[in-house]
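To keep things clear, I will list the structure first and then write my remarks on it.
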Amino acid sequence: MSRLVQTAQEQLRGILHSAAQNAVVDGTFAALPTGAWRIEVPANRAHGDFSANAAMVWAKELRTNPRMIAQALVDHADLGDTYFTKLDAAGAGFLNFTLGAAYYADILLDIAALGDDYGQSELLAGQKINVEFISANPTGPMHMGNARGGALGDCLAALLARAGAQVSREFYVNDAGNQINKFALSLDVRYRQIVQPDNAPDLPEDAYQGADITALAQQYVDAHGDALLSLSEQERRAALVDFALPKNIQSMRDTVEKYRIVYDLWYFESELHKSGAVTELIAEMTAKGLTYEKDGALWYRASNAADEESKDEVLVRENGVPTYFAADIAYHRNKLLTRGFDTAIDIWGADHHGHVARMQGALDALGLDGTHRLKVILMQLVRLMSEGEVVRMSKRTGNAITLTDLLEEIPIDAVRFLFNLREPETQMEFDLDLAVAQGNDNPVYYCQYAHARACSVLRKLAEAGHPLRPCSREELARLQAPAETELIAHLAALTGMTESAATNCDPAKITRYCLELAGLYHKFYAACRVNCEDDALRAARLYLCDCTRSVLRRQLELFKISAPEEM
RNA sequence: GCGCCCGUAGCUCAGGUGGAUAGAGCAACUGCCUUCUAAGCAGUGGGUCACAGGUUCAAGUCCUGUCGGGCGCGCCA
């Protein structure tokens with residue numbers, strides 16, 4: 001939490017501690033209570049700014065009912081030289097603290113002094129975190145699921161960095177393994193269907209059916225004609241893959257760039273095989289006695305007495321080719337050991353959940369503490385809605401809505417914002433109509449509008465001869481209307497929100513924070529006229545506008561969402 | 001059959017790690033622009049927190065069971 005919030009809470013603890021001591025001195029309490037209590041923020045702000053549950057916690061050891069204890073504490077408390085101006089007992093024994101104007105004034109001075117650094121935290125300082133996301137299969141175009149993963153991963157990375165971590169964004173390119181063989185086969189069939197239509201096989205059921213495959217084959221024909229027919233099947237397929245795969249990868253890079261995502265590293269699965277990392281890993285696992293041979297394959301012994309549920313897995317197939325699982329262990333070993341990340345965060349579709357425990361277990365077996373150092377965020381799939389109906393997407397027929405299509409139809413601001421409005425593991429609907437709507441139902445516009453409005457006020461008043469100016473603590477303390485203090489209280493909560501969002505790996509907390517901040521600003525705007533007669537009050541309100549504008553812009557831009565000055 | 005996720009207002013969702021009368025936004029209705037952006041604000045109606053037990057001063061939140069929805073359980077990735 002921010003310095004000032006922390007200061008206020010320390011004062012609060014001090015007040016209650018002294019009150020309890022005073023109560024012991026005059027005999028009201030038999031002894032100094034020791035039970036640990038907490039500071040909370042009441043759901044209903046009319047109750048105060050903070051509340052403490054000390055009286056309820058202490059009820060047992062003091063053998064008195066909570067209300068009596070609360071009242072005794074109030075009677076023995078001295079607010080003295082603190083930010084608090086009011087303390088009262090309420091409800092079942094809550095102690096409600098109300099902050100005075102000096103606190104709000106100091107919050108604003110703090111925000112102005114820290115500028116873009118306001119809201120930042122040192123919570124994760126010193127931690128190296130790798131965030132891997134999208135990692136779409138390069139054999140085809142990216143789809144809606146990748147859209148959610150992209151928005152989530154990129155914003156999560158930004159959030160962790162804001163909480164002090166050293167963050168690296170990574171895309172894992174699965175350019176090896178079975179799906180590449182399938183890709184090769186599909187391309188080959190399509191190629192032959194084009195160059196020798198009379199003597200070409202049909203595309204097998206389990207091959208890639210998409211129109212993108214045919215298009216790639218056609219591109220090859222356009223560039224090189226039917227020269228491949230004279231080669232062996234193996235050579236022909238290799239040539240087609242060498243031609244098509246880089247094109248697909250480039251197209252992923254282009255799409256991702258349009259999506260405003262910048263990766264620190266594109267890591268190629270093929271590198272793991274070429275460099276010998278997979279072979280090394282298998283040797284290490286074998287040396288540690290984690291493997292055995294059966295049916296000509298090499299198995300990883302996941303099962304053990306402690307966990308009967310775990311199932312053994314194949315590492316090397318009967319044909320000598322390592323499985324995806326083997327490569328993936330090698331990949332994570334590379335992240336956690338070779339490259340020294342403290343934590344690896346992977347964002348996967350929820351359909352991969354079965355893989356999580358296996359992966360962590362294998363890393364644990366290697367002594368890498370996968371249980372704690374590998375965090376997998378499982379995203380539930382997205383249902384695309386339009387005009388109140390589900391837009392069906394089918395991979396098989398090849399008419400799936402691609403990420404590229406989506407980004408062409410919908411403003412990037414809206415996509416990034418809307419995908420970060422819900423927690424990752426909830427099944428969400430993505431409403432196409434809402435995303436393109438330029439109206440009040442679209443949450444991203446609501447936030448941007450609040451920002452533009454604040455900018456406009458600052459601009460207009462400057463033109464009228466009232467530019468933004470520094471304010472004294474006394475001037476800022478004039479901000480006492482409920483709409484003003486509620487707005488400032490929310491501004492004060494930003495750092496705590498950064499920390500909570502980072503701890504929970506949940507960027508949605510930040511988008512919702514922005515929505516609420518925008519709402520409170522709109523309320524303030526309606527309730528308090530900035531351009532009023534009183535010079536000090538006008539200056540203080542302008543100052544508040546500027547702080548709100550600054551925080552809102554910083555948060556939107558953290559997620560690479562634009563904060564327009566005019567709309 | 002086994003495992004993971006979810007179930008809160010008509011709809012989409014919050015609910016700070018157990019706290020006070022469960023909150024927003026859409027949708028519906030009613031007001032508010034001669035002054036800083038009406039892409040806004042104010043107000044009204046709307047709930048058996050899926051259901052049943054349990055844990056305690058206190059349960060939407062924790063534990064068990066049931067029902068309903070989504071997704072997994074390959075020498076696929």
Side-chain angles (χ1 to χ4, degrees), chain A residues 38 40-44 47 51 53 56-57 59-60 65-66 90-94 96 135 137 139 174 176-180 182 206 269 294-299 309 311 313-319 321-325 327-328 349-357 378-381 383 385 388 421-429 431 434 437-443 445-446 448-450 452-461 463-464 466 483 493 496-497 499-501 503-504 508-509 512 515-516 518-519 521-527 529-532 538 541-542 545 566-567:
Chain A
R38 293 193 341 162
E40 284 158 5
V41 176
N44 182 351
H47 289 132
S51 74
N53 64 348
M56 291 177 292
V57 172
K60 239 177 201 169
N65 82 61
F94 289 96
N96 292 331
S135 299
N137 195 322
T139 55
N174 297 121
N178 258 340
Q179 84 276 12
I180 294 295
K182 198 156 113 182
D206 61 343
E269 184 187 350
K294 193 180 88 183
D295 304 332
L298 185 72
W299 293 71
E309 296 299 321
K311 271 176 66 182
E313 299 285 331
V314 172
L315 290 176
V316 183
R317 300 183 181 92
E318 198 178 355
N319 63 11
V321 179
T323 58
Y324 174 85
F325 184 55
D328 212 18
D351 51 344
H352 287 71
H353 68 76
H355 194 51
V356 179
L378 294 171
M379 272 185 327
Q380 292 288 330
L381 301 182
R383 276 202 306 171
M385 303 290 287
L421 209 45
R422 306 284 169 243
E423 284 166 48
E425 56 197 31
T426 57
Q427 293 156 219
M428 79 172 283
E429 291 189 357
D431 189 330
L434 180 62
Q438 303 266 324
N440 42 358
D441 353 340
N442 190 336
Y445 285 100
Y446 184 79
Q448 291 176 323
Y449 184 61
R453 212 177 204 186
C455 291
S456 173
V457 171
L458 286 157
R459 209 163 42 230
K460 278 275 161 59
L461 265 72
E463 284 165 14
H466 304 298
M497 197 56 73
E499 293 176 349
S500 156
T503 305
N504 292 296
K509 286 192 192 298
R512 279 190 236 106
L515 270 176
E516 203 175 330
Y521 181 75
H522 287 312
K523 282 189 175 108
F524 156 74
Y525 178 88
R529 188 166 175 75
V530 180
N531 193 10
C532 56
R538 180 176 53 229
R541 285 179 172 166
L542 260 181
C545 284
E566 283 178 84
M567 287 176 77

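All of these numbers come straight from a predicted model, not from anything done at the bench. Lettering of chains follows the sequences in order, A, B, ..., and the numbering in each one begins at 1.
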Q: With C1' as the reference atom in both, quote the distance from B:rA28 to B:rC67 in angstrom, rounded to an integer.
A: 33 Å

Q.
What's the gap between B:rG31 and B:rA38 when it is taken at their C1' atoms, as a whole Å value?
A. 13 Å

(Q) Among B:rU12, B:rC6, B:rU37, which nucleotide has an atom closest to any side-chain atom of A:Glu425? (A) B:rC6

(Q) Rounding to an integer number of angstrom, what distance separates B:rC26 and B:rC71 when you compare their C1' atoms? (A) 29 Å

Q | Chi class for B:rU8: syn within 90° of 0, otherwise anti | A | anti

(Q) To the closest 0.5 Å, what do you measure between CZ (A:Arg453) and CD (A:Glu566)? (A) 15.0 Å

Q | Centroid under 5.5 Å and tilt under 30°, A:His47 to B:rA20 | A | yes

Q.
When you measure only distances, ignoring hydrogens and angles, does the side chain of A:His352 come within 3.5 Å of the base of B:rG72 through a donor and an acceptor?
A. no

Q: Figure out the OH/P separation between A:Tyr521 and B:rU37, and round it to whole Å.
A: 9 Å

(Q) Can you work out whether A:Leu421 or A:Val57 has the more 5'-proximal nearest nucleotide on RNA chain B? (A) A:Leu421

**Q.** Contact under 4.0 Å: A:Lys311 side-chain N or O vs B:rG3 OP1/OP2
**A.** no

Q.
Rounding to an integer number of Å, can you tell me how far A:Asp351 CG sits from B:rG3 C1'?
A. 15 Å

Q | Spacing of A:Tyr324 atom OH relative to B:rA77 atom C1', expressed in whole Å | A | 6 Å

**Q.** Side-chain touch A:Asn531/A:His466, heavy atoms, less than 4.5 angstrom
**A.** yes

Q. Quantified in whole Å, what is the C1' atom distance between nucleotide B:rC6 and nucleotide B:rA42?
A. 36 Å

Q. What is the nucleic acid contact for A:Ala452, judged by heavy atoms within less than 4.0 Å: base, sugar-phosphate only, or nothing?
A. base

Q | Beyond-backbone contact of A:Lys509 with A:Asn504, side-chain heavy atoms, under 4.5 angstrom | A | yes

Q.
Check this one for me: any side-chain N or O of A:Arg317 less than 4.0 Å away from OP1 or OP2 of B:rC76?
A. yes

**Q.** Side-chain heavy atoms of A:Val457 within contact of A:Tyr525, under 4.5 Å
**A.** yes

Q) From the list B:rA77, B:rG19, B:rA14, which nucleotide is the closest neighbour of the side chain of A:Asn53? A) B:rG19

Q: Output the distance between atom CZ (A:Arg512) and atom CD (A:Glu423), rounded to the nearest 0.5 Å.
A: 5.5 Å

Q | Closest nucleotide among B:rC36, B:rA38, B:rA14 to the A:Arg529 side chain | A | B:rC36

Q: Taking only the side-chain nitrogens and oxygens of A:Asn137, find out if one of them lies under 4.0 Å from OP1 or OP2 of B:rA77.
A: no

(Q) Which nucleotide wins on minimum distance to the side chain of A:Gln380, given the candidates B:rG40, B:rU37, B:rG70? (A) B:rG70

Q: With heavy atoms under 4.0 Å as the rule, sort A:Ser456 into base, sugar-phosphate or nothing.
A: base

Q.
Any non-hydrogen side-chain atom of A:Cys545 less than 4.5 Å from a side-chain atom of A:Arg541?
A. no

Q.
Please tell me if A:Tyr525 has a side-chain N or O lying less than 4.0 Å from either OP1 or OP2 of B:rA38.
A. yes

Q | Beyond-backbone contact of A:Leu298 with A:Arg317, side-chain heavy atoms, under 4.5 angstrom | A | no

Q | Check: A:His353 side chain, B:rC71 base, donor-acceptor under 3.5 Å | A | yes

Q | Pair partner, B:rC62 [Watson-Crick or wobble, under 3.5 Å] | A | B:rG54

**Q.** Rounded distance in Å between the C1' positions of B:rC57 and B:rC11
**A.** 38 Å

Q | Assigned partner base of B:rU21, Watson-Crick or wobble definition, under 3.5 Å | A | none

Q. Rounding to a whole Å, what distance do you find between A:Asn319:CG and B:rC75:P?
A. 12 Å

Q. Does a side-chain N or O from A:Lys523 land closer than 4.0 Å to OP1 or OP2 of B:rG40, or not?
A. no

Q) Given that both distances must come in under 3.5 Å, which nucleotide forms a Watson-Crick or G-U wobble pair with B:rU30? A) B:rA42

**Q.** Euclidean distance for P, B:rG69 against B:rU12 (whole angstrom)
**A.** 16 Å

Q) Is A:Tyr446 stacked on the base of B:rA39, with ring centres under 5.5 Å apart and planes under 30° apart? A) no

Q: Quick one: label A:Glu40 by what it contacts on the DNA or RNA (base, sugar-phosphate, nothing), any heavy atom closer than 4.0 Å.
A: base

Q. Is A:Asn96 side chain donor-acceptor paired with the B:rA20 base, going by distance under 3.5 Å alone?
A. yes

Q) Between A:Asn178 and B:rC76, is there a side-chain N or O to OP1/OP2 distance below 4.0 Å? A) yes

Q.
Looking at B:rU17, I'd like to know if its phosphate oxygens (OP1 or OP2) sit under 4.0 Å from a side-chain N or O belonging to A:Arg38.
A. yes

(Q) Output the rounded distance in Å from CG (A:Asn442) to P (B:rC13). (A) 16 Å

Q: Kindly point out which of B:rC75, B:rU37, B:rG19 is positioned nearest to the side chain of A:Met567?
A: B:rU37

Q) Would a line drawn from the ring center of A:Phe524 to the ring center of A:Tyr521 be shorter than 6.0 Å? A) yes

Q | Strand partner of B:rU35, provided both Watson-Crick or wobble distances fall under 3.5 Å | A | none

Q: Please report, rounded to the nearest Å, how far the C1' atom of B:rC11 is from the CZ atom of A:Arg422.
A: 12 Å

Q: On the 0 to 90° scale, with breaks at 30° and 60°, tag the A:Tyr324-A:His355 ring pair as parallel, tilted or perpendicular.
A: tilted

Q) For A:Glu516, which contact category applies under a 4.0 Å heavy-atom criterion: base, sugar-phosphate, or nothing? A) nothing

**Q.** 5'-most by nearest nucleotide on RNA chain B - A:Val457 or A:Glu269
**A.** A:Val457

Q: For B:rC71, give its Watson-Crick or G-U wobble partner with both distances under 3.5 Å, or none.
A: B:rG3

Q: Check whether any side-chain heavy atom of A:Leu421 sits under 4.5 Å from a side-chain heavy atom of A:Pro443, and report yes or no.
A: yes

Q. Contact class for A:Ala297 vs. all strands (heavy atom < 4.0 Å): base, sugar-phosphate, or nothing?
A. base

Q: Look at all strands and tell whether A:Lys182 reaches a base, only sugar-phosphate, or nothing, counting heavy atoms closer than 4.0 Å.
A: nothing

Q) Base, sugar-phosphate, or nothing: which does A:Asn65 touch, judged by heavy atoms less than 4.0 Å apart? A) nothing

(Q) Counting only side-chain heavy atoms from C-beta out, which of B:rA20, B:rG40, B:rC41 sits nearest to A:Ala526? (A) B:rC41

Q) Once you round it to whole Å, what is the distance between P of B:rC4 and CD of A:Glu423? A) 19 Å

Q: Hunt down the Watson-Crick or G-U wobble partner of B:rA9, both distances under 3.5 Å, from any strand shown, or write none.
A: none

**Q.** P spacing across the pair B:rC4 / B:rU66, given as an integer number of angstrom
**A.** 14 Å

Q: Can you tell me the distance, in whole Å, between the CG atom of A:Leu515 and the C1' atom of B:rA39?
A: 14 Å

Q.
On the nucleotide B:rC41, are OP1 or OP2 found under 4.0 Å from the side-chain N or O atoms that A:Arg453 carries?
A. no

Q. Base, sugar-phosphate, or nothing: which does A:Asp328 touch, judged by heavy atoms less than 4.0 Å apart?
A. nothing

Q. Should B:rC41 be called syn or anti, with syn set as within 90° of 0?
A. anti

Q.
What's the gap between B:rG7 and B:rG15 when it is taken at their C1' atoms, as a whole Å value?
A. 15 Å

